[in-house]
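As structure tokens, the structure follows; a few thoughts come after it.
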Amino acid sequence: MSLRVLINGSKGRMGQALADAAEEMGLQLGAAVDVGDDLAAGLAKSDVIVDFSFHSVTPAVLETAVAHRKPIVIGTTGHGAAEKAELLVLAAKVPCVWAGNFSVGVNLLFALTRRAAGVLGADYDAEVVEMHHRFKKDAPSGTAARLLEIILEERKLTAEALRHGRKGITGERQPTEVGIHALRGGDVVGDHTVMFAALGERIELTHKASDRGIFARGALRAAQWVVKQPPGVYDMQDVLGLK
Ligand code: NAD
């Protein structure tokens with residue numbers, strides 16, 4: 001029997017893309033759950049949860065997954081750092097793939113960013129620019145947050161290095177700063193550029209998503225993979241064997 005997937009956030013943009021991708025990939029829709037629906041009842045008819053809903057919902061979704069010992073794929077973004085650290089402890093009790101971006105191209109961008117940040121060193125000013133549709137509720141995007149984490153890790157910096165936009169008399173840019181700029185507008189599915197600028201040259205790594213199907217197909221690929229794993233938190237780099 002094909003894998004039965006529960007989509008949480010089923011009426012949203014990603015929920016709909018997931019339902020289409022599930023059909024395309026020959027997976028069964030175990031349950032479609034949105035605001036007011038009974039998650040536990042849907043779970044009884046499903047093998048795995050795929051959650052693309054809202055960040056404040058994640059604790060309850062994870063508690064339900066743990067109580068029913070069901071694997072879970074989490075695509076929802078917008079969690080604060082402390083909140084996420086707590087949730088990861090809970091998530092590790094079941095097989096869980098948690099990723100800020102499920103596209104294969106973006107996961108390659110993560111790997112390229114790590115390599116570039118390492119090779120180029122602190123003399124190359126790192127800035128991240130992202131753009132998303134006007135309906136997006138959180139900023140910066142989960143993908144931008146992951147790109148920043150990678151740059152901070154490679155440069156041995158902490159979150160204090162981040163500059164969310166700039167305004168006023170900011171003074172000269174310090175080599176220890178990492179800038180992040182979130183643009184919002186129209187129907188942009190998701191653009192991310194990582195820029196490394198030195199005196200005399202600049203390197204830009206850009207990914208542009210034009211169809212949410214890439215995230216949906218990646219998340220369902222993660223669902224097929226996670227049901228075969230022992231409890232623990234994994235990311236898309238694990239699913240794709242990029243580690
Ligand atoms: P959306 O606003 O279109 O949809 C969210 C859906 O979740 C809505 O239908 C809403 O009613 C539902 N929801 C809210 N509370 C709920 C609850 N308690 N139980 C069940 N459903 C509930 O948003 P979207 O564009 O589909 O994005 C959803 C999330 O996925 C966002 O956090 C977004 O940033 C994230 N996202 C992640 C990736 C990725 O690759 N990781 C890609 C795209 C979007």
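We count ligands from 1, going down the list as the structure has it; atoms in each ligand are counted the same way.
Between L6 and the options D51, L29, L39, V50, a side-chain contact (heavy atoms from CB on, under 4.5 Å) holds for only L39.
Residue pairs meeting the ring-ring contact (aromatic ring centres under 6.0 Å, His included) criterion with at least one partner in residues 41-87, sequence neighbours excluded, are F52-F102, H79-W98. The salt bridge (Lys or Arg N to Asp or Glu O under 4.0 Å) analysis of residues 7-22, with sequence neighbours excluded, yields no pairs.
With contacts defined as side-chain heavy-atom distances shorter than 4.5 Å, the pair V61/I74 does not qualify.
A salt bridge links E177 with R166: the closest approach of a Lys/Arg side-chain nitrogen to an acidic carboxylate oxygen falls below 4.0 angstrom.
Within 4.0 Å of ligand 1, counting heavy atoms only, the contacting residues are N8, G9, K11, G12, R13, M14, D34, V35, F52, S53, V57, G75, T76, T77, A99, G100, N101, F102, K136, K137, D138, F215.
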Distance-only donor-acceptor hits, side chain of residues 104-111, under 3.5 Å, sequence neighbours excluded:
unit_1	atom_1	unit_2	atom_2	d
N107	OD1	Q237	NE2	3.0
N107	ND2	N101	O	3.2
N107	ND2	S103	O	2.7

